[in-house]
*Asks:* 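Provided herewith is a single structure, encoded as structure tokens, for subsequent inquiry.
If you're wondering where the values come from, they're calculated on a predicted model, not measured in any experiment. In what follows, chains carry the letters A, B, and so on, assigned in the order in which the sequence lines appear, proteins first and then strands, with residues in each chain numbered from 1.
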There are 2 protein chains.
Amino acid sequence: MVGHPEDNENLTDNEGSTDGEDFLAAERDIRKRLGDRELDLDSLHAISNIYRAATAVRRRAEREVLAQHNLSWGGFTILWVLWVWGQMDTARLASECGLAKGTLTGMLTTLERRRLVEREQVKTDRRKVTVALTSDGLTLIEDLFPRFNAYEVAMSEGLSLTEKRELARLLRIVISNALQKGVRG
Amino acid sequence: MVGHPEDNENLTDNEGSTDGEDFLAAERDIRKRLGDRELDLDSLHAISNIYRAATAVRRRAEREVLAQHNLSWGGFTILWVLWVWGQMDTARLASECGLAKGTLTGMLTTLERRRLVEREQVKTDRRKVTVALTSDGLTLIEDLFPRFNAYEVAMSEGLSLTEKRELARLLRIVISNALQKGVRG
DNA sequence: CATGAATCGTTCGGTGCCAAAAGATCTCGC
DNA sequence: GCGAGATCTTTTGGCACCGAACGATTCATG
């Protein structure tokens, strides 16, 4: 048995408040509970909040912006990348979207069935396949993206311009660390 | 380096470099490609980098830290929360882990089958179930967490203490926005 | 040319994960 | 007490998503 939940308070009897505020709870007093091991709590909070923010932002976007078009976050990302960058082969598309190749295949099939994207074999190298938006896909993303961006603005509420840029900058450092190859296992 | 917008037909001829650097490519020249719509690119970069960072960090953690114990990120999170906070009912656990309740059920079953956690019906309210670490689970998380924290430190490399705290702070604002209830539909 | 190595997309097996519906239990007015 | 409604968890159905294995194609080398 770990910790003493009853020590400080009855954690379980404020059930109504599990949203919007007590997500901070998990951060409180962690040091107290963990004692003085050699832990870097600042790294912990920085990294774990990334994931927490990402799932919260994603889930809400899927509910409030994407669901009306039957798009998942991943599907939306695919359309967006193709919109901004134009057609590209699947390997690059997967990398741009942050997806495994195998994952992309299935999602492309879904999008293709809905006539939002099109696959085409590359003539000069028949191993490769390029993917492009159809006109339906173009219409959809052009209609949807401004609303998605408005959602991003809403998620950034309370951040100044400087802070948004700082947030993006700090995250880029983390991304770069995570994508770096070949650490010691 | 990737990206001259002009010759984007030939994006495919620099294939080897899809890691570690050209994740920045998607950010460059977006304005040029998108024209002058009323878009807030600072919010876009801030928010989209959150997700990009989260998946990169998660995937690598699962490969390099968690896989040797057959744990997913979600499974690890459950153990960690139970470790830090002690036993709790499933609703609260789901909220702490950022999971849907239904998701938690399945993952708890997996963890329970491996004897890492235990469910127990609450006597005073038989609808509720509390979850606690078993001694095996305790052993595992106590062994694993220091290594996980070392991984978090590695992912924060290049960030000063101040920057880590700033990153966590800015993310908390985003989390709070995303968890807020009842925006206009 | 021929053949082994490299590269590319897809297939496959298995979780993770969600939303909605179902099932179980408690509560409260009457 | 008793039934309607509120609260819990679990079940269900369906994608998303990964890693490894596979088949097809291209390329390098002799």
*Asks:* Rounded off to whole Å, could you give me the CG-to-C1' distance for the A:Leu99 and D:dC15 pair?
*Replies:*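 The answer, rounded to whole Å, is 13 Å.
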
*Asks:* Ring centroids only, cut at 6.0 angstrom: are A:Phe76 and A:Trp83 within range, meaning strictly under it?
*Replies:*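 No; A:Trp83 has its ring centre 6.0 Å or more from that of A:Phe76.
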
*Asks:* Does a side-chain heavy-atom distance below 4.5 Å link B:Thr110 with B:Leu116?
*Replies:*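 Result no, sub-4.5 Å side-chain heavy-atom pair not found.
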
*Asks:* Taking for each residue the nucleotide of DNA chain C bearing the nearest heavy atom, is the 5' side occupied by A:Asp125 or by A:Gly102?
*Replies:*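 The 5'-side residue here is A:Asp125.
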
*Asks:* Could you tell me whether the side chain of A:Asp42 and the main chain of B:Lys164 form a donor-acceptor pair under 3.5 Å?
*Replies:*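 No.
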
*Asks:* Check this one for me: any side-chain N or O of A:Ser72 less than 4.0 Å away from OP1 or OP2 of D:dA16?
*Replies:*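 For D:dA16, OP1/OP2 do have a side-chain N/O of A:Ser72 under 4.0 Å.
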
*Asks:* Measuring to OP1 and OP2 of D:dC17, would you say a side-chain N or O of A:Arg58 lies under 4.0 angstrom away?
*Replies:*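 Yes, A:Arg58 has a side-chain N/O under 4.0 Å of OP1/OP2 on D:dC17.
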
*Asks:* Just to confirm, is there a sub-4.0 Å distance from OP1 or OP2 of C:dG9 to any side-chain nitrogen or oxygen of A:Thr90?
*Replies:*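 Yes.
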
*Asks:* So which nucleotide from D:dC17, C:dT11, D:dT9 ends up closest to the side chain of B:Val129?
*Replies:*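 The answer is D:dT9.
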
*Asks:* Side-chain N or O of A:Thr103 versus OP1/OP2 of D:dA16: is the shortest distance under 4.0 Å?
*Replies:*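 No, outside the criterion.
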
*Asks:* Just so I know, are the side chains of A:Leu93 and A:Leu108 near enough to count as touching, which here means a heavy-atom distance under 4.5 Å?
*Replies:*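 Yes, their side chains come closer than 4.5 Å.
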
*Asks:* Report yes or no: is there a donor-acceptor pair, N or O only, under 3.5 Å between the side chain of A:Arg127 and the base of C:dT7?
*Replies:*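 Yes, a donor-acceptor pair under 3.5 Å.
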
*Asks:* For A:Leu111 and D:dC17, give me the distance from atom CG to atom C1', rounded to whole Å.
*Replies:*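 It works out to 14 Å between those atoms.
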
*Asks:* Can you check the A:Met88 CE to C:dC8 C1' distance for me, whole Å?
*Replies:*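 A:Met88 atom CE is separated from C:dC8 atom C1' by 16 Å.
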
